[in-house]
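In what follows, a single structure is set out as structure tokens and then discussed.
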Amino acid sequence: KIKRGTHRSTLELERAIPPNVTLTEIRPDLGGEAVTFLGNAKSMEDLLRCIERLKGQEAFHQVYLLNHAEEKGSAGLRFTISLRYREDAA
């Protein structure tokens, strides 16, 4: 089942991701109201910018950084973020 507004939410997600952040996996929940995604950020500053931009998007709420860790052998960070879609933003 695809919820109304899914396309708009995807566009807002794309707009919120800064240049030095890459999503590597997107895991929607079965109900379609939440998503967890994994990714890489060049720096902690880039990761924090990403979180703030997600929080600023009308389509999302309850944006949480679940974990992060330095990538061995590189200067980047791996992270996991969860968020929920706003019902009224569709």
Side-chain angles (χ1 to χ4, degrees):
K1 175 182 170 186
I2 297 177
K3 296 187 98 149
R4 195 177 132 220
T6 300
H7 180 69
R8 178 176 172 219
S9 297
T10 302
L11 291 175
E12 290 196 35
L13 177 62
E14 289 175 3
R15 279 190 220 119
I17 305 302
N20 290 329
V21 174
T22 305
L23 300 184
T24 58
E25 188 172 342
I26 298 175
R27 299 177 184 166
D29 79 343
L30 295 178
E33 296 174 4
V35 67
T36 299
F37 55 89
L38 288 69
N40 298 304
K42 189 171 183 178
S43 68
M44 180 57 81
E45 181 178 296
D46 292 320
L47 177 54
L48 294 174
R49 183 179 302 116
C50 178
I51 293 167
E52 289 305 312
R53 289 173 71 166
L54 288 166
K55 286 181 176 181
Q57 293 293 325
E58 183 181 317
F60 311 126
H61 68 122
Q62 295 180 3
V63 178
Y64 300 113
L65 176 62
L66 300 180
N67 62 58
H68 69 284
E70 288 185 24
E71 277 286 319
K72 294 191 190 304
S74 77
L77 299 168
R78 284 179 292 119
F79 64 83
T80 305
I81 293 175
S82 72
L83 57 80
R84 296 187 69 78
Y85 296 110
R86 287 190 193 276
E87 291 286 328
D88 56 352

Item checked: Option among Leu66, Leu13, Thr24 that satisfies the side-chain contact (heavy atoms from CB on, under 4.5 Å) test with Phe37 ->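 Testing Phe37 for a side-chain contact (heavy atoms from CB on, under 4.5 Å) against Leu66, Leu13, Thr24 leaves exactly one candidate, Leu13.
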Calculate, to the nearest 0.5 Å, the distance between atoms [atom1] and [atom2] belonging to [X] and [Y] respectively.
{"X": "Asn20", "Y": "Ser43", "atom1": "CG", "atom2": "OG", "value": "6.5 Å"}
{"X": "His68", "Y": "Leu38", "atom1": "NE2", "atom2": "CG", "value": "14.0 Å"}
{"X": "Glu33", "Y": "Gln62", "atom1": "CD", "atom2": "CD", "value": "10.0 Å"}
{"X": "Thr22", "Y": "Phe79", "atom1": "OG1", "atom2": "CZ", "value": "8.0 Å"}
{"X": "Tyr85", "Y": "Gln57", "atom1": "OH", "atom2": "CD", "value": "12.0 Å"}

Next item on the list: Could you pull out all residues at least two apart from Arg78 that satisfy side chain to side chain contact (heavy atoms under 4.5 Å, CB included)?
Entry: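 Partners of Arg78 under the side chain to side chain contact (heavy atoms under 4.5 Å, CB included) test: Asn40, Ala69, Glu71.
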Measure the shortest side-chain to side-chain distance between [X] and [Y] over non-hydrogen atoms and say whether it is less than 4.5 angstrom.
{"X": "Leu83", "Y": "His61", "value": "no"}
{"X": "Leu47", "Y": "Leu65", "value": "yes"}
{"X": "Asp29", "Y": "Val35", "value": "no"}
{"X": "Thr36", "Y": "Ile81", "value": "no"}
{"X": "Phe60", "Y": "Arg86", "value": "no"}
{"X": "Arg15", "Y": "Arg53", "value": "no"}

Next item on the list: Enumerate the residue pairs fulfilling salt bridge (charged side-chain N to carboxylate O under 4.0 Å, His left out) with a member in residues 16-28, sequence neighbours excluded, ordered by first and then second residue.
Entry: Glu25-Arg27
Margin query: Is there a continuous path of hydrophobic side-chain contacts, each under 4.5 Å between heavy atoms, that joins Tyr64 to Ile26?
Written below: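 Per the 4.5 Å side-chain linkage, Tyr64 and Ile26 are not co-clustered.
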Check: What residues form a side chain to side chain donor-acceptor pair (under 3.5 Å) with Glu45, not counting sequence neighbours?
Finding: Arg49
